[in-house]
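Structure first, then comments.
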Amino acid sequence: MASKQGLIAPRLPRGFEDRTSADIAATNEMIAKIREVYERYGFDPVETPFFEYTETLGKFLPDADRPNQGVFSLQDDDEAWMSLRYDLTAPLARHFAENFETLPKPYRTYRQGYVFRNEKPGPGRFRQFMQFDADTVGAAGPEADAEMCMMMADTMDALGLAGKYVVRVNNRKVLDGLMSWIGLGGPNGTTPQLDAKRLAVMRVLDKYDRLGVPGVKALLEQGRTDESGDFSPGAGLDWDQVSRILWFLTIRSEDYAVTESSRAAFNPILRLKPDGGGFFESDLLSAFENAYGSDAVFLEGVCEFRAMESMIEAAGYGDGRIRIDPSVVRGLEYYTGPVFEIELTFPVTNDKGQQVVFGSVGGGGRYDGLVSRFRKEPVPATGFSIGVSRLAHALKLTGLLGNEQPTGPVVVCVMDKDQKAGYQKMVAELRAAGIRAEMYLGNPKNVGRQFAYADQRNSPAVIIEGTQEREQGIIQIKDLIAGKQASRAITDNEQWKSERPGQFECRRDELVARISELPAVAAQVKKRG
RNA sequence: GCCGCCUUAGCUCAGUUGGUUAGAGCGCUAGAUUGUGGAUCUAGAGGUCCUCCGUUCAAUCCGGAGAGGCGGUACCA
């Protein structure tokens, strides 16, 4: 869209965002905290590029010779398709397979960076956003999965979210058992109709936390009409199948409220419901076994749950931070065992004051098949991802993430145009002491303008050395923060100017020492290391 | 993708039953104040009323199409 006079209208592409210094500071703080936890767990960083060959990402459309619409793609000189990465897992699989001979195994690694998805943006959903992943490649046992869950919990705690999230855990093998139990079992590819139906049911399970029992029931049967009047077709199951699924989904949610021992948190003990109806099994996993325990794949899943449980409890995480939740499904493509998801447990209100369903801010699981696309031998892997942009968005909306502009530089005012060398010397002294500082580079025609500039930069102080000061060998330091506080009591401009709130004088050679004493400067120096 | 609502100044929003010069608050610029950021006062700049097509003597307003925004829903690695 060209504006008048042929000028180009400056427009941000939809789904993308510019980040201010305040945003960057907040994000960096989050990243540093996450990194510290991952490194403490023994993970090392690796970085892969934004672009990969599209076949690496596995996102070619099945019927056409071009990439999926959801990814940003372009063709190289030799017509090979390249795509912007849409997650950090597929590139890791490529990196691992390509460097198989030299990497330590198990390979424990973390990486953080932007990923891109070419799809409709939503609240907290952008087309470019940051993820922070950790993965263990080459470890098949549930210890690795249990560790992922604990590390997610530690990360959320480190971000100051203790008690405000839950890591929900499920297992694909248990879900497969559920499919058998309702007559939709069997390996993939038996018949296309069966695969489609299984897929449809899994998608509905994933919506349980959002739509609840009535919504899930409608979608499993005839279909559902949403708030805008749009209709989604149902999976067409019969009542027997639907009631078994609902039992499976609600088995844990019914008794969140009645669990109090720490052991019960991961694997809740079932009780009779207050009305006397319902459950009699002693715990969730036994309940699963009693319901459809003959299925071999399912039994494997329960074994993995039990192994994870013993480690999670022994390590002290059995206090409710990590919980079994049968409604966790995650992506349909590559997960093969345990799957996890981090959910925020507090309400999120958007800029317009509406309560928004925020959903998951991270998740992952075991993907034993992903590396096999590149190598013949089986390579088990498990990992998870935190949506940094998404989490930051949620925290900002909730006021849990600071949005303050970082402290600006000390501004040395230009009082006499022929003294710029002297002002620059002051700046150099401050910088040598690790203090952010600059000489005012705009039009110095009046001091007020220079102060206003410093104010806008959120500067801690300005330095004033006019002819009078220079002749006496002194300088004026104006503490802008103290001055701002004092200004609240002053309404008269004459008084404001004559009182010079926050201002004091000192000898020229005390510049660095006196500036360093200002609390805002000290805090900044400390923060910058 | 599908459904609904919305789009007027940099921002938040009034307004015109279709009629000459479309307004407010905040913000911005300048001045009161050429050595003091805030506050106050004064003045000023800033609009193809989202775009295109149609109806009309006349469209920011009515009709159609499109774009963008928001919300829901679908898909989701």
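Computed from heavy atoms alone, side chains included, the values below leave out hydrogens, waters and symmetry copies. Just so it is clear: chains get the letters A, B, ... in the order the sequence lines come, proteins before strands, and each one is counted from 1. The structure presented is a predicted model; accordingly, all values stated were derived computationally and were not measured.
In this structure A:N171 satisfies the side chain to side chain donor-acceptor pair (under 3.5 Å) test together with A:E304, sequence neighbours excluded. Under the rule for a side chain to side chain donor-acceptor pair (under 3.5 Å), A:E17 has no partner lying at least two apart in sequence or in another chain. By the side chain to side chain donor-acceptor pair (under 3.5 Å) test, A:D455 pairs with A:K484, sequence neighbours left out.
For A:E469 and B:G35, a side-chain-to-base donor-acceptor distance below 3.5 Å is present, hydrogens and geometry of angles not being considered. Side-chain N/O atoms of A:Q503 and base N/O atoms of B:U36 include a donor-acceptor pair closer than 3.5 Å. Contact of A:R117 with B:A77 (side chain to base): a donor-acceptor pair of N or O atoms is detected under 3.5 Å. If you check distances only, the side chain of A:K478 does reach the base of B:U36 with a donor-acceptor pair under 3.5 Å.
Within 4.0 Å (heavy atoms only), A:I464 reaches at least one base atom of the nucleic acid. Across all strands, A:A452 comes closer than 4.0 Å only to sugar-phosphate atoms, never to a base (heavy-atom distances). Counting non-hydrogen atoms under 4.0 angstrom, A:E119 reaches a base of the nucleic acid. Looking at heavy-atom distances under 4.0 Å, A:S385 makes no contact with the nucleic acid at all.
Residues A:Q112 and A:I34 fail the side-chain proximity criterion, which asks for heavy atoms closer than 4.5 Å.
Between A:F132 and A:Y38, the ring center distance clears the sub-6.0 Å criterion.
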Applying the Watson-Crick and G-U criteria (both distances under 3.5 angstrom) with [ ] for crossing and | for other-strand pairs, one obtains for RNA chain B (((((((..((((.....[...)))).(((((.......))))).....(((((..]....))))))))))))....

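Using a cut-off of 4.0 Å between Lys/Arg side-chain N and Asp/Glu carboxylate O, A:E52 and A:R94 are scored as salt-bridged. Ion pair A:D135/A:R111 flagged as a salt bridge, since at least one NZ, NE, NH1 or NH2 atom sits closer than 4.0 Å to an Asp/Glu carboxylate oxygen. Using a cut-off of 4.0 Å between Lys/Arg side-chain N and Asp/Glu carboxylate O, A:R198 and A:D195 are scored as salt-bridged.
For A:D87, whose side chain is taken as the heavy atoms from C-beta onward, the closest listed nucleotide among B:A77, B:U73, B:G37 is B:A77. When distances are taken from the side chain of A:V447 to each of B:G37, B:A74, B:U36, the shortest belongs to B:U36.
Phosphate contact (OP1/OP2 of B:G31, side-chain N/O of A:K445, threshold under 4.0 Å): present. Taking only side-chain nitrogens and oxygens, A:R210 comes nearer than 4.0 Å to OP1 or OP2 of B:A74. One finds a side-chain N or O of A:R449 lying less than 4.0 angstrom from the OP1 or OP2 phosphate oxygen of B:A30.
A side chain to side chain donor-acceptor pair (under 3.5 Å) check over residues 417-426 of chain A, counting only residues at least two apart or in different chains, returns the pairs A:K425-A:E429.
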Every protein N/O within reach of nucleotides 40-45 of chain B N/O, cut-off under 3.5 Å:
none

